[in-house]
Amino acid sequence: MLVAVFMCDPICNAQAQDWAKERLNKSPRHGEWVDIKSGERTIKAFVVYPERKEKTPVVIVIHEIFGLTDWVRGVCDQLAENGVIAIAPDLLSGQTFEDVDAARKATSELPKEQITSDLNAASDYALKIPASNGTLAVCGFCWGGGVTFAYANENPKLKAAYSFYGLAPDEASKVTNIPCPVYGFYAENDARVDATIPKAEELMKAAGKKYEPVIYKGATHGFMREGESPTASEANKKARNDAWARWKTLLKQLP
């Protein structure tokens, strides 16, 4: 259900995200690694703060199946650039991997209970940040997008959930407890994921919940990352820019 993160440089390098690391290195915002206690585990998390004098909402960022890459940390920085505190827990804390496939396998094998526990720990930490105004939201990409929708059903403190091209719920019990609006961001050329949208719309409507999915024309799965790459297709670049424009508007609506 929920998956893992990894801090290992070899995987980040395998992802060829030098452009993402360069953006991070140039950022004027404060970013830091923190340790968070999660049951008997201690997990790592990357936190970035906005340049604001007011207290602000906090957004939990759930990484892709590839783990906590430079790009995911870059998303945290971009969220902070837009006025919120962003915190990305490393759900694969303490593990290292030889290649991307090994990271995928580890993430897909993470126990649901452990994922939920780690996200709860990150959420509790987030709400205690002195610069936080007490408003909590969650976002996730790919595998993390599916985890985001699932986690929205488990944390009553959430004020919004932003699911990026992740699998949507297929049972009524998986949406019953969702306390907030769920905003979906999907690619037109992503039949596997898009096939789950209609059922989720049906379930959310029946449960009286707000679900607003948007499908971006011509985009492929992973367009938020791919659209930022120097080799991005025009469709993915446009989808990424349009999705960010929508997301910025939604972030401003957080209390």
Side-chain angles (χ1 to χ4, degrees), residues 1-9 11-12 24 29-50 55-77 79-80 84-97 102-162 166 177-180 254:
M1 170 183 159
L2 297 127
V3 79
V5 166
F6 49 110
M7 294 167 52
C8 59
D9 289 335
I11 294 180
C12 296
L24 272 172
R29 287 162 292 280
H30 178 75
E32 64 183 13
W33 288 100
V34 298
D35 291 331
I36 299 175
K37 190 69 175 175
S38 175
E40 297 182 356
R41 285 161 47 79
T42 296
I43 63 172
K44 294 285 186 180
F46 186 68
V47 185
V48 186
Y49 291 86
K55 292 188 176 184
T56 64
V58 184
V59 178
I60 305 295
V61 181
I62 306 176
H63 57 81
E64 301 168 292
I65 199 165
F66 306 115
L68 190 50
T69 60
D70 289 331
W71 176 75
V72 175
R73 295 197 300 130
V75 169
C76 291
D77 183 67
L79 283 168
V84 299
I85 300 167
I87 177 170
D90 180 354
L91 302 178
L92 289 178
S93 289
Q95 300 190 50
T96 57
F97 308 95
R104 282 197 189 101
K105 185 174 186 294
T107 298
S108 64
E109 293 178 349
L110 284 175
K112 171 186 175 296
E113 296 75 13
Q114 179 176 303
I115 295 171
T116 301
S117 175
D118 288 353
L119 291 176
N120 284 340
S123 297
D124 291 343
Y125 179 93
L127 290 173
K128 293 175 183 176
I129 294 175
S132 163
N133 69 359
T135 293
L136 183 70
V138 63
C139 70
F141 305 85
C142 176
W143 171 85
V147 172
T148 292
F149 216 142
Y151 186 61
N153 197 46
E154 300 179 23
N155 190 332
K157 298 177 182 179
L158 292 172
K159 301 301 182 184
Y162 314 101
N177 298 322
I178 293 178
C180 63
L254 288 173

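To the nearest 0.5 angstrom, Cys139 atom SG is 7.5 Å from Ile62 atom CD1. One distance of note links NZ of Lys157 with CG of Leu136; it measures 8.5 Å at 0.5 Å rounding. Here Phe149 contributes atom CZ and Ile178 contributes atom CD1; the two are 5.0 Å apart, rounded to the nearest 0.5 Å. Expressed to the nearest 0.5 Å, how far CD1 of Ile36 lies from CG of Asp124 amounts to 9.5 Å. Separation of atoms CZ (Arg29) and SG (Cys76) is listed at 11.5 Å; rounding is to 0.5 Å.
Between Asp118 and Ser38, the side chains place a donor N or O and an acceptor N or O closer than 3.5 Å (distance only, hydrogens not considered).
Looking only at side-chain heavy atoms (C-beta outward), Leu127 and Val58 stay at 4.5 Å or farther from each other. Taking the side chain as every heavy atom from C-beta outward, Pro89 and Tyr125 never approach each other to under 4.5 Å. Residues Pro156 and Asn177 have side chains not in contact (no heavy-atom distance under 4.5 Å, counting atoms from C-beta outward). Inter-residue side-chain proximity for Tyr49 and Ile129 is flagged as met; some heavy-atom pair is nearer than 4.5 Å.
Minimum heavy-atom separation, Pro179 to Leu158: CG-O, 3.7 Å. Scanning both residues, Thr56 and Pro50, for their nearest heavy atoms gives OG1-CG, 3.9 Å. Considering all non-hydrogen atoms of both residues, Cys180 and Ala160 come closest at CB-N, 3.5 Å. Taking both residues in full, the closest heavy atoms of Tyr151 and Thr116 are given as CE1-O, 4.3 Å, listed atom of the first, atom of the second, then distance. Here the closest non-hydrogen pair linking Leu91 and Arg41 is O-NH2, 3.7 Å. Closest non-hydrogen pair, Ile60 versus Ala126, comes out as CD1-CB, 4.0 Å.
Between Trp71 and Phe141, the angle of the ring planes goes over 60°, which puts this pair in the perpendicular group of the 30/60° scheme.
Of the possible donor and acceptor atoms, none in the side chain of Thr148 sits under 3.5 Å from a partner among the backbone N and O of Val138. Between the side chain of Ser108 and the backbone N or O of Lys105, at least one donor-acceptor pair lies under 3.5 Å. Side chain of Ser117 to main chain of Glu113: no donor-acceptor pair is present (N/O by atom type, distance under 3.5 Å, no hydrogens or angles). Distance alone, capped at 3.5 Å, places no donor-acceptor pair between the Asp90 side chain and the Ala45 backbone. Of the possible donor and acceptor atoms, none in the side chain of Ser132 sits under 3.5 Å from a partner among the backbone N and O of Lys128.
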* To do: Could you walk me through whether Lys44 and Val34 pass side-chain contact (heavy atoms from CB on, under 4.5 Å), step by step?
  => CA-CA 6 Å; Lys44 294 285 186 180; Val34 298; over 6 Å; no

* Would you sort out whether Phe46 and Val61 count as a side-chain contact (heavy atoms from CB on, under 4.5 Å), showing the intermediate values? => CA-CA 9 Å; Phe46 186 68; Val61 181; over 6 Å; no

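Checked against Leu79 for a side chain to side chain contact (heavy atoms under 4.5 Å, CB included), the options Ile85, Val48, Val59 give a single hit: Val59.
Within 6.0 Å of the NZ atom in Lys37, the count of heavy atoms belonging to other residues, nucleotides or ligands exceeds 12.
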